[in-house]
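Below you'll find the structure, written out as structure tokens, and then a few comments.
The first residue of the sequence shown is numbered 1, and numbering continues consecutively from there. Counting convention: from 1, in listed order, for ligands and their atoms alike.
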Amino acid sequence: MTQAFDYDLLIIGAGVGGHGAALHAVACGLKTAIVEGGEMGGTCVNRGCIPSKALLAASGKVRELRDAHHLKALGIEVGGVGFDRDAIAGHAEMVVTKQREGLIGSLKRLGVDVLQGWGKVVAAQKVSVATPDGIEKSITAKDVIIATGSTPFVPPGCEIDGTTVFTSDHAVKLESLPQWIAIIGSGYIGLEFADIYSALGSEITMIEGLPQLMPTFDPDIAKVAQRTLISPRDIETKTGVLATKIIPGSPVVIELSDAKTKELVDTLEVDACLIATGRVPVTQDLALDKLGVELQRGYIPVTDQLNVVKGDQPIEHLWAIGDATGKLMLAHTASAQGVAVVETICGRPRVVDYNSIPAAAFTHPEVSFVGLTEPQAKAKGKAEGFEVSAVRTYFKANAKAIAEGETDGIAKVIFRPDNGQLLGVHIFGIHAADLIQEAANAMVQKTPVQSLAFSVHTHPTLCEVLDEAFKRAAGAGAGH
Ligand SMILES: Cc1cc2nc3c(=O)[nH]c(=O)nc-3n(C[C@H](O)[C@H](O)[C@H](O)COP(=O)(O)OP(=O)(O)OC[C@H]3O[C@@H](n4cnc5c(N)ncnc54)[C@H](O)[C@@H]3O)c2cc1C
Ligand SMILES: NC(=O)c1ccc[n+]([C@@H]2O[C@H](COP(=O)([O-])OP(=O)(O)OC[C@H]3O[C@@H](n4cnc5c(N)ncnc54)[C@H](O)[C@@H]3O)[C@@H](O)[C@H]2O)c1
């Protein structure tokens, strides 16, 4: 290390991105510190992935055990199934605590210095930290990574009280089970919480500003998912309308306006409202404007190698990763970016291939994908002059899915027929979040469908749904 600096690497923000970067930096021999102003572990551990997946696990079991028709088909009868809301909330809290302690322990074991306080970027290689006891410390590092994450976006006119109107920050605590809840937004959070609340007996009205639900999913997948995740459940949907005013209380009053004309079209009175309308970066208090950095809708502008950009020039030694950069706001993106930056710092330049990063909604059943949707692939094909093909295979033809009695599902593989390149893979069905990994690995390694069609899959497994799709895509004949 150059003696002039306190550290080789200083990271602002101990979320999944900052943590991933710190672990890799230590493995690469860098003297590392991490600054955290809030709770160690950030969004994912405390208010995001972890508590929401614990709630989905418990509520999913309630749904399964209450599905007498499904159980009867397997020859099983159960009596009444009860649950304790407080205990389910306690389960989520326990998982959060374990994960957070694990994260803190790993940093300690590896010798990463944890500095409590809010960081500001004074210069590319200098950060000031306001500690809880009111002291302002100045720290220097050869390289600085900003990993300050994001927070829920609340649309203008919508008011939050944390009990009747709330965001996912409160919802993950499951402090109540409203009889009728409006969920604003049908993205990841809206869908996952619709799964939780509907399993635990709440009636739901889901409001989406765009013309269709789940607007970021491949349209075929969104259609099939809606047939299972929305239509048969106690979920009413309203699309093409924006929540323009939300007043907390009993009842909660919600004004809905036409997304195009902006005219008021409906007023709802419900017991509670979850606002799940996206997230905004936490970047305002970093003093980046003093360095001449212009935030883009709050996000930190970065180069492909994740250097912070001033004007159109990268700032040497200053990097940004994770939700604060606004690129695929997922936990594994944040840590992959952290690892890439550390590699680049260590003289092995690395960029993240966003197109091969998989994503999943952990509903019952799950939705997952990697790469482009069919409309996106077709637009790319048109622009670049190549044909696009798609094949579909179904869980109802898969032996393992039939044995499980879980046959609602589809896999869709979008590819180039001229060279077999995968463009996108989309799965809806049981364990879709695990199944997508094979496709993500193939995308990153650029394995064509002709080769994938020859890779041997265990029988009988759900993986054979993709196996069959790859074989069809390669024109090698369906099935076995
Ligand atoms: C309900 C919910 C469920 C989710 N589920 C999933 C999922 O299943 N899978 C998935 O991949 N992603 C999921 N996500 C997204 C995931 O949580 C985020 O993409 C991820 O947490 C981003 O990590 P990060 O390190 O960029 O930021 P964060 O996790 O937000 O961490 C940033 C940290 O920086 C700290 N900080 C901010 N400013 C400063 C400062 N100036 N000084 C010091 N510290 C500062 C904050 O206190 C925070 O701890 C979910 C999100 C939500 C809300
Ligand atoms: N399983 C996962 O990986 C997972 C789970 C939860 C959250 N996340 C991450 O958290 C981020 C935030 O999730 P999210 O679901 O809040 O955002 P999102 O961007 O996925 O969905 C928000 C939805 O709200 C709609 N909307 C926005 N304003 C509206 C309004 N006023 N009225 C009606 N509809 C409106 C948008 O059209 C959009 O469909 C996501 O980007 C995702 O990356 C990931």
Side-chain angles (χ1 to χ4, degrees), residues 11-21 34-53 55-56 115-121 127 129-130 146-158 167-169 171-172 182-193 206-217 238-246 254 256-257 259 274-287 320-326 328-335 337-338 357-363 366-368 433:
I11 302 160
I12 311 178
V16 179
H19 180 242
I34 196 161
V35 183
E36 174 55 60
E39 277 178 299
M40 294 295 291
T43 306
C44 178
V45 169
N46 299 292
R47 306 172 287 283
C49 331
I50 299 304
S52 61
K53 263 79 266 179
L55 295 179
L56 280 158
L115 313 168
Q116 219 191 333
W118 296 98
K120 262 196 184 97
V121 186
V127 169
V129 179
I146 303 170
T148 48
S150 68
T151 194
F153 164 68
V154 178
C158 302
T167 66
S168 55
D169 284 358
V172 292
I183 298 182
I184 318 293
S186 69
Y188 289 86
I189 295 179
L191 271 186
E192 290 187 348
F193 274 94
M206 181 174 264
I207 291 143
E208 171 56 55
L210 290 172
Q212 72 276 330
L213 296 178
M214 310 174 220
T216 57
F217 293 158
K238 291 179 188 288
T239 53
V241 285
L242 294 168
T244 39
K245 191 169 193 176
I246 303 179
I254 303 175
L256 300 179
S257 304
L274 166 62
I275 299 182
T277 49
R279 295 180 63 82
V280 285
V282 178
T283 51
Q284 300 303 331
D285 299 331
L286 288 166
I321 61 169
D323 283 8
T325 65
L328 279 182
M329 295 165 85
L330 297 168
H332 43 285
T333 308
S335 47
Q337 288 177 319
I357 294 182
F362 294 81
T363 44
E366 295 168 344
V367 191
S368 66

Original post:
For K53, what residues pass the salt bridge (Lys or Arg N to Asp or Glu O under 4.0 Å) criterion, not counting sequence neighbours?
Top reply: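 By the salt bridge (Lys or Arg N to Asp or Glu O under 4.0 Å) rule, K53 matches E192.
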**OP:** Would you check the N or O atoms of R279, main chain and side chain alike, for any that come under 3.5 Å of an N or O of ligand 2?
**Re:** no
Subject >> Min N/O separation I189 to ligand 2 under 3.5 Å >> reply: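 Yes - when backbone and side-chain N and O of I189 are compared with those of ligand 2, one distance drops under 3.5 Å.
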Original post:
So which heavy atom in the protein is nearest atom 38 (C) of ligand 2, and how far is it from that ligand atom?
Top reply: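 Going atom by atom, the protein heavy atom closest to atom 38 (C) of ligand 2 ends up being E208 OE1, 3.6 Å.
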Closest to [atom] among [options] (heavy-atom distance):
{"atom": "atom 43 (O) of ligand 2", "options": "K245, E192, M329", "value": "M329"}
{"atom": "atom 32 (N) of ligand 2", "options": "G209, A433, A243", "value": "A243"}
{"atom": "atom 22 (C) of ligand 2", "options": "G326, G185, A276, A360", "value": "A276"}
{"atom": "atom 17 (O) of ligand 2", "options": "G278, A359, S186, G187", "value": "G278"}
{"atom": "atom 27 (C) of ligand 2", "options": "L328, T277, L56", "value": "T277"}

Close N or O approach ([X], ligand 1; < 3.5 Å):
{"X": "I12", "answer": "no"}
{"X": "D323", "answer": "yes"}
{"X": "E192", "answer": "no"}

Original post:
Which atoms from ligand 1 have a heavy atom of F362 less than 4.0 Å away?
Top reply: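 Heavy-atom distances to F362 below 4.0 Å select 8 (O).
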Original post:
Can a non-hydrogen atom of M40 be found less than 4.0 Å from any atom of ligand 1?
Top reply: no
Original post:
At a non-hydrogen distance cut-off of under 4.0 Å, which region of I189 contacts ligand 1 (side chain, backbone, both, or neither)?
Top reply: side chain
Original post:
Does E39 approach ligand 1 within less than 4.0 angstrom via side chain, backbone, both or neither, non-hydrogen atoms only?
Top reply: backbone
Original post:
Is there a heavy atom of M206 sitting under 4.0 angstrom from any atom of ligand 2?
Top reply: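 Heavy atoms of M206 never come under 4.0 Å of ligand 2.
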**OP:** Identify, with sequence neighbours excluded, every residue that meets side-chain contact (heavy atoms from CB on, under 4.5 Å) alongside A324.
**Re:** T148, T283, I300
